[in-house]
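Both counts, for ligands and for their atoms, begin at 1 and track the order of listing.
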Amino acid sequence: MTEMEESVLREAEILAERTFEGDSSGHDMDHTLRVARMAMRLAEEEGADPFRTRLAALLHDVDDRKLSPETADCLSKAAAFLKEHRIPDAESILAAIREVSFAGSDSVRPSSIEGCCVQDADRLDAMGAIGIARAFAYGGSRGRKMYDPEILPRLNMDGETYRQHVSTTLNHFYEKLFLLKDRMTTASGRRIAQERDRVLRGFVDEFLDEWKGIR
Ligand code: ADP
Ligand code: NI
């Protein structure tokens, strides 16, 4: 990576830090840095461009709908950054950012390998031990119950239904987290996802056994 590229990445980190100050919805700076780290690891195995992968990862949530609803459609924070720093083929980075989000069943396979690395990295951060912690942190921030045997998970939701649906945090595992391992688009992401999926399922089994008092 050139010095110029490294300095652009530092600037992107600063923009993300400013955007996430004070947020508790799970879209914090630490999430962004983990995604950037994992995306770089995948990029190396997949032969993706490390600079463009890390840049897309650092910017992937700065226009997120939950944090910044007014810029979510046009990705104006990310777009302004790419323009200001004269990043070549900014459109493909914006496409990668747009393609990252998973909402119900209408998610897309990213159009670039860099986008695939960022999408897999973002999904991996919702899995494993960190994914469990994030799910309960998010559920708590929305006043959700951890679990309620009366409220069944709803599967096969489209994007709009998924966003409107009020559920429990444990149902989120069935509605989203258990589906992620089959939605990885890189070979390295798929491998890591297998392991993290086992962690999720082991946790849910244990949780339900403890709830019923049989363990
Ligand atoms: P992403 O960063 O992939 O766009 P989201 O914005 O959907 O993810 O969610 C951020 C984090 O909050 C993820 O770890 C996700 O699993 C968790 N989360 C999202 N919706 C819920 C929910 N309804 N219940 C529990 N956790 C949730
Ligand atoms: Ni994210």
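Contact check for Met1 versus Pro50: side-chain heavy atoms found under the 4.5 Å cut-off.
For the Ni ion (ligand 2), the nearest N, O or S atom contributed by His60 is named NE2.
Ligand 1 does not have Arg123 within reach: every non-hydrogen atom of the residue lies 4.0 Å or more from it. Judged by the shortest distance from any of its heavy atoms, His60 lies outside the 4.0 Å radius around the atoms of ligand 1. Using a 4.0 Å heavy-atom cutoff, Arg142 is absent from the residues neighbouring ligand 1.
No N or O atom of Tyr138 sits closer than 3.5 Å to an N or O atom of ligand 1. For ligand 1, none of its N or O atoms has an N or O atom of Thr168 under 3.5 Å away. The shortest N or O to N or O distance between Asp122 and ligand 1 is under 3.5 Å. Considering both main-chain and side-chain atoms, Asp125 never comes within under 3.5 Å of ligand 1 through any nitrogen or oxygen pair. At least one N or O atom of Arg134 sits closer than 3.5 Å to an N or O atom of ligand 1.
With a cut-off of 2.8 Å, the Ni ion (ligand 2) has an N, O or S atom of Asp122 in range.
A donor and an acceptor atom, one from each side chain of Thr71 and Asp63, are located under 3.5 Å apart. A side-chain N or O of Ser92 and one of Arg52 form a donor-acceptor pair less than 3.5 Å apart. For the residue pair Thr168 and Asp148, no side-chain donor N or O sits within less than 3.5 Å of a side-chain acceptor on the partner. Side chains of Glu46 and Ser188: a donor-acceptor N/O pair is present below 3.5 angstrom, by distance only. Looking at Thr19 and Lys77, their side chains never bring a donor and an acceptor atom within 3.5 Å of each other.
Close approach of ligand 1 to Lys66 is summarised as follows: ligand atoms under 4.0 Å from at least one heavy atom of the residue are 5 (P), 6 (O), 7 (O), 9 (O). Residue contact check: His31 has heavy atoms under 4.0 Å from atoms 2 (O) of ligand 1. Within ligand 1, the atoms closer than 4.0 Å to a non-hydrogen atom of Lys176 are 3 (O), 5 (P), 7 (O), 8 (O), numbered from 1 in the order shown.
Side-chain N or O atoms of Thr53 include one that pairs as donor or acceptor with a backbone N or O of Asp49 at under 3.5 Å. The backbone N or O of Thr2 lies less than 3.5 Å from a partner atom in the side chain of Glu5, making a donor-acceptor pair. The closest donor-acceptor contact from the side chain of Asp120 to the backbone of Thr186 lies under 3.5 Å.
Rounding to 10 degrees, one finds that the Ni ion (ligand 2) sits at the corner of an angle of 90° between Asp61 OD2 and His31 NE2.
Remark: Glu3 CD is loosely packed, at most 12 non-hydrogen atoms of other residues, nucleotides or ligands lying under 6.0 Å away.
Looking at Leu177 against ligand 1, only its side chain comes within 4.0 Å, counting heavy atoms.
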